[in-house]
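Note sheet for the following structure.
Side chains included, hydrogens not; waters and symmetry mates left out as well; all remaining heavy atoms used.
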Amino acid sequence: MSSTTASTSILSSLRYSDSLTVVGISFCTAIVCECISWLLIYRTNSYKSLKSSIDKASKKLETMKTDNPTKISLKKSKTKKIDRVETSLKESSRDLSLFKFKSGAVVALVLFVVFGLLNSLFEGKVVAKLPFKPFGIVMKMSHRGLVGDDATDCSMAFLYFLCSISIRTNLQKFLGFSPPRGAAAGGGLFPMPDPKTN
(Lines give C-alpha, C1' and ligand atoms only; values in the text may rest on other atoms or scores of the structure.)
Protein backbone atom coordinates (compact mmCIF):
# COMPACT_ATOMS: atom_id res chain seq x y z
CA MET A 1 0.00 0.00 0.00
CA SER A 2 2.82 2.38 0.93
CA SER A 3 4.73 1.52 -2.26
CA THR A 4 1.61 2.34 -4.32
CA THR A 5 1.23 5.69 -2.57
CA ALA A 6 4.91 6.50 -3.11
CA SER A 7 4.74 5.64 -6.82
CA THR A 8 1.59 7.74 -7.19
CA SER A 9 3.28 10.76 -5.56
CA ILE A 10 6.34 10.31 -7.80
CA LEU A 11 4.16 10.18 -10.91
CA SER A 12 2.25 13.23 -9.73
CA SER A 13 5.47 15.20 -9.16
CA LEU A 14 6.78 14.17 -12.58
CA ARG A 15 3.49 15.23 -14.16
CA TYR A 16 3.82 18.76 -12.79
CA SER A 17 7.61 19.05 -13.05
CA ASP A 18 7.51 20.84 -16.43
CA SER A 19 4.95 23.41 -15.31
CA LEU A 20 6.80 24.00 -12.03
CA THR A 21 10.05 24.46 -13.98
CA VAL A 22 8.45 27.10 -16.21
CA VAL A 23 6.92 28.90 -13.21
CA GLY A 24 10.22 28.77 -11.32
CA ILE A 25 12.23 30.12 -14.27
CA SER A 26 9.61 32.85 -14.78
CA PHE A 27 9.93 33.88 -11.14
CA CYS A 28 13.75 33.97 -11.32
CA THR A 29 13.58 35.94 -14.57
CA ALA A 30 11.24 38.49 -12.96
CA ILE A 31 13.71 38.95 -10.09
CA VAL A 32 16.60 39.41 -12.55
CA CYS A 33 14.58 41.98 -14.56
CA GLU A 34 13.71 43.95 -11.44
CA CYS A 35 17.37 43.91 -10.35
CA ILE A 36 18.33 45.33 -13.76
CA SER A 37 15.63 47.97 -13.45
CA TRP A 38 16.84 48.85 -9.96
CA LEU A 39 20.44 49.24 -11.15
CA LEU A 40 19.53 51.35 -14.18
CA ILE A 41 16.48 53.25 -12.92
CA TYR A 42 14.99 52.91 -9.46
CA ARG A 43 18.13 53.74 -7.45
CA THR A 44 18.94 56.91 -9.41
CA ASN A 45 18.17 60.41 -8.08
CA SER A 46 16.56 61.39 -11.40
CA TYR A 47 13.94 58.64 -11.08
CA LYS A 48 13.25 59.46 -7.43
CA SER A 49 12.82 63.13 -8.30
CA LEU A 50 10.43 62.42 -11.17
CA LYS A 51 8.42 59.95 -9.07
CA SER A 52 8.16 62.50 -6.25
CA SER A 53 7.00 65.28 -8.59
CA ILE A 54 4.36 62.99 -10.13
CA ASP A 55 3.05 61.98 -6.70
CA LYS A 56 2.86 65.62 -5.56
CA ALA A 57 1.17 66.79 -8.78
CA SER A 58 -1.32 63.91 -8.61
CA LYS A 59 -2.28 64.71 -4.99
CA LYS A 60 -2.52 68.42 -5.77
CA LEU A 61 -4.77 67.71 -8.75
CA GLU A 62 -7.08 65.53 -6.65
CA THR A 63 -7.34 68.25 -3.99
CA MET A 64 -8.06 70.96 -6.57
CA LYS A 65 -10.79 68.90 -8.24
CA THR A 66 -12.57 68.23 -4.94
CA ASP A 67 -12.81 71.94 -4.08
CA ASN A 68 -15.89 73.67 -5.50
CA PRO A 69 -15.62 77.47 -5.51
CA THR A 70 -18.90 79.36 -5.89
CA LYS A 71 -17.76 82.54 -7.68
CA ILE A 72 -17.34 82.42 -11.47
CA SER A 73 -14.00 84.28 -11.32
CA LEU A 74 -12.67 81.73 -8.84
CA LYS A 75 -13.88 78.87 -11.05
CA LYS A 76 -12.04 80.27 -14.07
CA SER A 77 -8.87 80.75 -12.03
CA LYS A 78 -9.16 77.23 -10.67
CA THR A 79 -9.64 75.78 -14.16
CA LYS A 80 -6.43 77.47 -15.34
CA LYS A 81 -4.53 76.13 -12.35
CA ILE A 82 -5.86 72.62 -12.95
CA ASP A 83 -4.78 72.84 -16.61
CA ARG A 84 -1.28 73.87 -15.55
CA VAL A 85 -0.99 71.01 -13.05
CA GLU A 86 -2.33 68.49 -15.60
CA THR A 87 0.19 69.71 -18.18
CA SER A 88 2.99 69.40 -15.65
CA LEU A 89 1.81 65.91 -14.70
CA LYS A 90 1.75 64.78 -18.34
CA GLU A 91 5.25 66.15 -18.97
CA SER A 92 6.64 64.43 -15.87
CA SER A 93 4.94 61.15 -16.82
CA ARG A 94 6.38 61.35 -20.33
CA ASP A 95 9.85 62.06 -18.93
CA LEU A 96 9.48 59.08 -16.58
CA SER A 97 8.50 56.80 -19.47
CA LEU A 98 11.48 57.97 -21.51
CA PHE A 99 13.75 57.46 -18.51
CA LYS A 100 12.50 53.88 -18.00
CA PHE A 101 12.82 53.12 -21.70
CA LYS A 102 16.60 52.64 -21.48
CA SER A 103 16.27 49.58 -19.23
CA GLY A 104 13.46 48.22 -21.40
CA ALA A 105 15.91 47.08 -24.09
CA VAL A 106 18.04 45.17 -21.56
CA VAL A 107 15.00 43.58 -19.93
CA ALA A 108 13.59 42.63 -23.36
CA LEU A 109 16.90 40.97 -24.25
CA VAL A 110 16.84 38.93 -21.03
CA LEU A 111 13.24 37.85 -21.66
CA PHE A 112 14.07 36.94 -25.26
CA VAL A 113 17.03 34.77 -24.21
CA VAL A 114 15.02 33.00 -21.48
CA PHE A 115 12.11 32.41 -23.85
CA GLY A 116 14.49 30.90 -26.43
CA LEU A 117 15.96 28.61 -23.77
CA LEU A 118 12.54 27.45 -22.59
CA ASN A 119 11.38 26.99 -26.17
CA SER A 120 14.31 24.67 -26.89
CA LEU A 121 13.58 22.67 -23.72
CA PHE A 122 9.79 22.36 -24.06
CA GLU A 123 9.15 22.63 -27.79
CA GLY A 124 6.09 20.57 -28.69
CA LYS A 125 5.57 19.47 -25.05
CA VAL A 126 2.42 19.88 -22.98
CA VAL A 127 3.54 21.59 -19.75
CA ALA A 128 0.13 22.01 -18.10
CA LYS A 129 -3.58 21.29 -18.38
CA LEU A 130 -6.04 24.17 -18.48
CA PRO A 131 -9.13 23.88 -16.25
CA PHE A 132 -11.26 25.22 -19.11
CA LYS A 133 -11.53 24.95 -22.89
CA PRO A 134 -10.18 28.17 -24.45
CA PHE A 135 -11.54 29.65 -27.65
CA GLY A 136 -10.42 31.82 -30.55
CA ILE A 137 -7.11 33.61 -30.22
CA VAL A 138 -6.62 32.32 -26.65
CA MET A 139 -6.65 28.74 -27.92
CA LYS A 140 -4.11 29.62 -30.63
CA MET A 141 -1.80 30.99 -27.94
CA SER A 142 -2.32 28.19 -25.40
CA HIS A 143 -1.99 25.41 -28.03
CA ARG A 144 0.93 26.99 -29.93
CA GLY A 145 3.38 24.37 -31.21
CA LEU A 146 1.48 21.43 -29.72
CA VAL A 147 0.34 18.30 -31.56
CA GLY A 148 -3.16 16.94 -30.95
CA ASP A 149 -6.70 18.24 -30.64
CA ASP A 150 -7.04 18.48 -26.85
CA ALA A 151 -7.87 22.18 -26.31
CA THR A 152 -7.00 21.98 -22.61
CA ASP A 153 -3.34 21.24 -23.39
CA CYS A 154 -1.17 24.21 -22.46
CA SER A 155 2.07 25.09 -24.21
CA MET A 156 5.15 26.56 -22.55
CA ALA A 157 4.72 29.89 -24.37
CA PHE A 158 1.24 30.49 -22.91
CA LEU A 159 2.20 29.48 -19.36
CA TYR A 160 5.36 31.59 -19.52
CA PHE A 161 3.34 34.57 -20.81
CA LEU A 162 0.83 34.32 -17.94
CA CYS A 163 3.56 33.87 -15.33
CA SER A 164 5.65 36.75 -16.66
CA ILE A 165 2.73 39.18 -16.45
CA SER A 166 1.36 38.12 -13.06
CA ILE A 167 4.64 37.48 -11.23
CA ARG A 168 6.47 40.65 -12.34
CA THR A 169 3.46 42.91 -11.68
CA ASN A 170 3.02 41.57 -8.14
CA LEU A 171 6.77 41.61 -7.53
CA GLN A 172 6.91 45.30 -8.49
CA LYS A 173 4.09 46.06 -6.01
CA PHE A 174 5.83 44.04 -3.29
CA LEU A 175 9.17 45.80 -3.83
CA GLY A 176 7.53 49.22 -4.17
CA PHE A 177 8.61 49.62 -7.80
CA SER A 178 5.13 49.98 -9.28
CA PRO A 179 4.55 53.17 -11.34
CA PRO A 180 3.28 56.29 -9.50
CA ARG A 181 -0.50 56.51 -9.45
CA GLY A 182 -0.49 59.68 -11.53
CA ALA A 183 1.82 58.25 -14.21
CA ALA A 184 -0.93 56.25 -15.93
CA ALA A 185 -3.08 59.35 -16.28
CA GLY A 186 -0.11 61.23 -17.66
CA GLY A 187 -0.16 59.31 -20.92
CA GLY A 188 3.34 57.79 -21.18
CA LEU A 189 5.49 58.11 -24.28
CA PHE A 190 2.60 58.78 -26.66
CA PRO A 191 -0.12 60.66 -24.78
CA MET A 192 -3.52 61.25 -26.28
CA PRO A 193 -4.04 64.73 -27.71
CA ASP A 194 -5.66 67.17 -25.30
CA PRO A 195 -9.15 68.11 -26.58
CA LYS A 196 -8.79 71.55 -24.93
CA THR A 197 -6.02 72.46 -27.38
CA ASN A 198 -8.22 71.77 -30.44
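Remark: Phe122 CZ to Leu146 CG distance equals 12.5 Å, nearest 0.5 Å. Summarising the geometry, atom OG belonging to Ser58 is positioned 6.0 Å from atom CG belonging to Leu89; distances are rounded to the nearest 0.5 Å. Taken to the nearest 0.5 Å, the OG atom of Ser164 stands 9.0 Å off from the CG atom of Leu159. Rounding to the nearest 0.5 Å places CZ of Arg144 at 7.0 Å from CE of Met156. Interatomic distance, CD1 of Ile54 versus NZ of Lys56, reported as 12.5 Å (0.5 Å rounding). The SG atom of Cys35 lies 11.0 Å from the CG atom of Leu40; values are rounded to the nearest 0.5 Å.
Annotation: side chain to side chain donor-acceptor pair (under 3.5 Å) contacts of Gln172 (sequence neighbours excluded): Glu34. Shown here are the ring pair (Phe, Tyr, Trp, His ring centres under 6.0 Å) partners of Tyr42, two or more places apart in sequence or in another chain: Tyr47, Phe177.
Phe174 CZ: 12 or fewer foreign heavy atoms inside a 6.0 Å radius. Atom CZ of Phe115 has more than 12 heavy atoms from other residues, nucleotides or ligands within 6.0 Å.
Hydrophobic clustering keeps Ile36 apart from Phe112 (ILVMFWY residues linked when any side-chain heavy atoms are closer than 4.5 Å, directly or through intermediates). Both Val110 and Leu39 are assigned to one and the same hydrophobic cluster, defined by single-linkage of ILVMFWY side chains at heavy-atom distances under 4.5 Å. Residues Phe101 and Leu109 do not share a hydrophobic cluster, clusters being chains of Ile/Leu/Val/Met/Phe/Trp/Tyr side chains in contact below 4.5 Å. Residues Ile25 and Val127 share a hydrophobic cluster, clusters being chains of Ile/Leu/Val/Met/Phe/Trp/Tyr side chains in contact below 4.5 Å. In this structure, Val106 is a member of the same hydrophobic cluster as Leu175, with clusters built from ILVMFWY side-chain heavy atoms closer than 4.5 Å.
Heavy-atom minimum distance, Leu50 versus Ser92: CD2-O, 4.0 Å. Residue Ile167 comes nearest to Ser26 through the heavy atom pair CD1-CB, 4.2 Å, listed as atom of the first residue, atom of the second, then distance.
Applying the side-chain hydrogen bond (donor to acceptor under 3.5 Å, both in side chains) rule to pairs touching residues 148-158 yields Lys129-Asp150, Lys129-Asp153, Asp150-Thr152, sequence neighbours excluded.
Between Ser37 and Arg168, the closest side-chain pair of non-hydrogen atoms falls below 4.5 Å. Looking at heavy atoms from C-beta onward, Lys48 lies out of side-chain contact with Ser52 at the 4.5 angstrom threshold. Tyr160 places none of its side-chain heavy atoms less than 4.5 Å from the side chain of Val23. Proximity of Ser142 to Leu130: side-chain heavy atoms (C-beta onward) are separated by under 4.5 Å at one or more points. Side-chain contact between Phe161 and Met141 is present, with heavy atoms from C-beta onward closer than 4.5 Å.
Between the Ser97 side chain and the Ser93 main chain, a donor and an acceptor come within less than 3.5 Å of each other. The main-chain N or O of Ile165 is found under 3.5 Å from a side-chain atom of Thr169 such that the two form a donor-acceptor pair. For the pair Ser120 (side chain) and Leu117 (backbone), a donor-acceptor distance under 3.5 Å is present.
Using a cut-off of 4.0 Å between Lys/Arg side-chain N and Asp/Glu carboxylate O, Lys59 and Asp55 are scored as not salt-bridged.
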